[in-house]
Amino acid sequence: MEKPAAAGGNPVRETKLYYGHQYIDETDVQAVSEVLRNGDLTCGPKVNALEKRLCELTGAKYAVVCSNGTAALHIAALAAGLGEGDELITTPITFAASANCALYCDAKPVFADINPRTYNIDPKCVREKITDRTKAVVAVDYTGQAVELDALLALCREKGLLLIEDAAHSIGTKYNGKPVGSIADLTTFSFHPVKTVTGGEGGAVLTNSAQLYEKLLLYRSHGITRKDDLLERKPHGAWYYEQIDLGYNYRITDIQCALILSQLDKLSLFSQRRKEIVERYNKAFLSCPELFVQEEIPASDTTRHLYILRIVPEKLTIDRKGFFEALAAENICCNVHYIPVYWHPYYEKLGYEKGICPHAEKLYTEMMSLPLYYGLTDKDVEDVITAVKKIVAYYRI
Ligand SMILES: *Cc1c(COP(=O)(O)O)cnc(C)c1O
């Protein structure tokens with residue numbers, strides 16, 4: 001049997017592979033240069049063009065682009081009317097921003113457990129956490145797989161809640177044939193460099209509601225408006241504008257929008273390649289009883305952002321940390337997405353205790369994210385598979 005590098009053998013490869021990386025080509029560089037040479041740097045035509053493009057891509061009626069995915073969640077929560085004393089239900093297996101957006105509004109994040117096979121928030125667990133104070137649900141399309149939107153929307157309608165879909169992982173994903181972005185009351189995207197499409201930084205909120213759209217515009221830019229029908233006083237002249245609410249500067253530059261537009265031209269390529277890699281990994285790992293492969297729901301046609309390698313600890317002599325380190329020794333550098341949000345010291349100090357969501361906590365102790373991005377070569381993918389199989393074979397019980 002071949003020895004893993006962690007046990008004194010040779011690594012499967014000499015150069016390090018990381019879990020994610022952006023893909024920037026010459027057309028991206030040209031798109032950005034063009035704005036720098038000729039364009040407005042902010043509040044210009046690329047902002048409008050990107051909003052229009054996101055509507056075309058998703059079928060949403062309105063899009064508001066903003067500085068990042070966290071800002072998108074914040075203005076979505078504000079538009080949903082979240083305030084002091086309100087509750088927002090979300091998953092613990094997410095980036096902290098999905099829950100922090102409630103805290104920004106002086107509201108309380110409440111955590112509902114995941115489905116242990118798909119890893120997405122379980123609508124039944126959401127139902128159990130609803131109280132008189134619940135105002136919204138932030139459902140995260142974890143790894144890119146759409147949440148159970150039909151069940152969640154039905155539940156939100158029944159209880160009078162707004163559904164915010166955190167689609168930071170899932171641009172390009174379809175649910176029952178409809179693109180993510182057109183389905184929930186509000187959908188947020190992130191254009192951070194590890195996400196499928198990047199602007200360096202960037203975010204967006206999509207909605208079909210004209211009312212929510214007006215609010216998003218206000219919160220993105222200081223609560224300031226020039227729209228006649230929103231003004232509370234008589235204009236002093238053509239320069240007149242009013243601040244009618246408290247908003248933020250969450251604007252995005254035209255430079256970033258140009259990059260995101262150029263990246264969106266490659267979305268179907270990105271999507272295709274990510275699907276191919278996921279298929280190869282699945283095919284290789286489905287036959288290993290020491291590994292658990294994330295279950296896919298038929299309703300989701302998924303553009304995968306993350307590939308989760310989950311070990312079955314009872315069948316191995318090493319734990320997740322040992323597996324993670326053994327992969328690193330092979331020069332396959334994974335990451336872990338995510339530490340349950342309420343385990344963080346800040347949340348602990350707010351009074352959250354371990355044990356609230358047992359499925360989420362168990363998943364956390366058994367998983368790591370393998371390399372998954374457009375620029376991976378077939379050889380890279382083979383190296384990852386070889387390394388995983390070598391480690392499984394050596395440490396199986
Ligand atoms: C990346 C991410 C965010 C935050 O997006 P930023 O653009 O980094 O602010 C929010 N939610 C999830 C699930 C994410 O992965």
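Counting convention: from 1, in listed order, for ligands and their atoms alike. Just so you know, these numbers use all the heavy atoms, side chains as well, and skip hydrogens, waters and symmetry mates.
Taking a cut-off of under 4.0 Å to the non-hydrogen atoms of Asn68, the atoms of ligand 1 that pass are 7 (O), 9 (O). Those atoms of ligand 1 with a heavy atom of Thr94 less than 4.0 angstrom away are 13 (C). Short contacts between ligand 1 and Val140, defined as distances under 4.0 Å to a heavy atom of the residue, involve ligand atoms 13 (C). Ligand 1 places these atoms under 4.0 Å from at least one heavy atom of Phe95: 3 (C), 4 (C), 12 (C), 14 (C).
With no hydrogens or angles considered, a side-chain donor-acceptor pair links Asp380 and Thr377 at under 3.5 Å.
From the protein, the heavy atom lying nearest to atom 15 (O) of ligand 1 is His169 NE2, 2.8 Å. Nearest to atom 4 (C) of ligand 1 among the protein's heavy atoms is Thr70 OG1, 3.6 Å. What sits closest to atom 14 (C) of ligand 1 on the protein, heavy atoms only, is Lys195 NZ, 3.2 Å.
For a threshold of 3.5 Å applied to N or O pairs, the pair formed by Ser190 and ligand 1 contains at least one separation below that value. Taking distance alone, with nitrogen or oxygen atoms compared against 3.5 Å, Gly69 approaches ligand 1 more closely than that limit. Some N or O of Asp166 is nearer than 3.5 Å to an N or O of ligand 1, by distance alone.
With sequence neighbours excluded, no residue forms a salt bridge (charged side-chain N to carboxylate O under 4.0 Å, His left out) with Asp228.
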* Would you sort out whether Thr225 and Leu231 count as a side chain to side chain contact (heavy atoms under 4.5 Å, CB included), showing the intermediate values? => CA-CA 7 Å; Thr225 187; Leu231 296 180; 4.2 Å; yes
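Ring-plane geometry between Tyr281 and Phe285 is classed as parallel, the angle between the planes falling under 30 degrees on a 0 to 90 degree scale with a further cut at 60. The aromatic rings of Tyr338 and Phe95 sit tilted relative to each other, their planes meeting at an angle between 30° and 60°. Between Tyr342 and Tyr352, the ring planes lie parallel to each other; the angle is under 30°, not in the 30° to 60° tilted range. Using bins of under 30°, 30° to 60° and over 60° for the plane-to-plane angle, the ring pair His169/His305 lands in the tilted bin.
Screening Thr143, Asn120, Thr118 against Gln294 for a side chain to side chain donor-acceptor pair (under 3.5 Å) leaves a single residue, Thr143.
Using a 4.0 Å heavy-atom cutoff, Ser98 is listed among the residues neighbouring ligand 1. Ligand 1 has Tyr338 within reach: a non-hydrogen atom of the residue lies less than 4.0 Å from it.
Compare Ala167, Ala71, Ala168 by their heavy atoms: the one nearest to atom 12 (C) of ligand 1 is in Ala168.
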